[in-house]
Amino acid sequence: VQIGHEKAMETSLELAKLEGIFTGVSGGATVASALDIAKKAKEGSGILAMLPDTMERYLTTPLFEKILTEMNDEEQKIAESTPNYVLKKQ
């Protein structure tokens, strides 16, 4: 299965945003490949996708250039909805 760079980046960002899974471009490509395979797989098949790294070394790359460093109003509201887990600025 071949996955283009843009699709790999898109999938990596979706994993971070929707699933809380932080991985690099190769991890995005891995999951995109698994999803493509899952579309064609026989019902009940098991599919494993192992993500080879974390995203921390990609924070300063184009992968995360569109991610703001501060929360927007919607994100702040979500953060405040869990009062026992709110990080307060010191």
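In this text the structure is predicted, and so the values were computed from the model without any measurement. One is the number of the first residue; the rest follow in order along the sequence.
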Requested in this report: State whether the side chain of T30 and the backbone N or O of A49 hold a donor-acceptor pair below 3.5 Å, judged by distance alone.
Outcome: no

Query raised in the report: Mind checking whether L13 and L15 sit in one hydrophobic cluster, side chains of I, L, V, M, F, W, Y counted as touching below 4.5 Å?
Result: no

Requested in this report: Kindly determine whether D36 and I3 satisfy side-chain contact (heavy atoms from CB on, under 4.5 Å), including the steps that lead there.
Outcome: CA-CA 9 Å; D36 282 354; I3 301 296; 3.5 Å; yes

Report task. State whether the number of non-hydrogen atoms from other residues, nucleotides or ligands found under 6.0 Å of D73 atom CG is greater than 12. Result -> no

Query raised in the report: Thinking salt bridges, do E10 and K7 make one under a 4.0 Å N-O criterion?
Result: yes

Query - Exam field: side chain S81 to backbone I78, donor-acceptor pair closer than 3.5 Å - result: yes

Requested in this report: Compare every heavy atom of I47 with every heavy atom of A34, then report the nearest pair and how far apart it is.
Outcome: CB-CG2, 4.0 Å

Query - E75 side chain vs N72 backbone, donor-acceptor pair below 3.5 Å - result: yes

Report task. Output yes when a side-chain donor or acceptor of S33 lies under 3.5 Å from a complementary backbone atom of A29, and no otherwise. Result -> yes

Query raised in the report: Any sub-3.5 Å donor-acceptor pair from S45's side-chain atoms to K42's backbone N or O?
Result: yes

Query raised in the report: When hydrophobic residues are tied together by side-chain contacts of less than 4.5 Å, even through go-betweens, does L51 share a cluster with V25?
Result: no

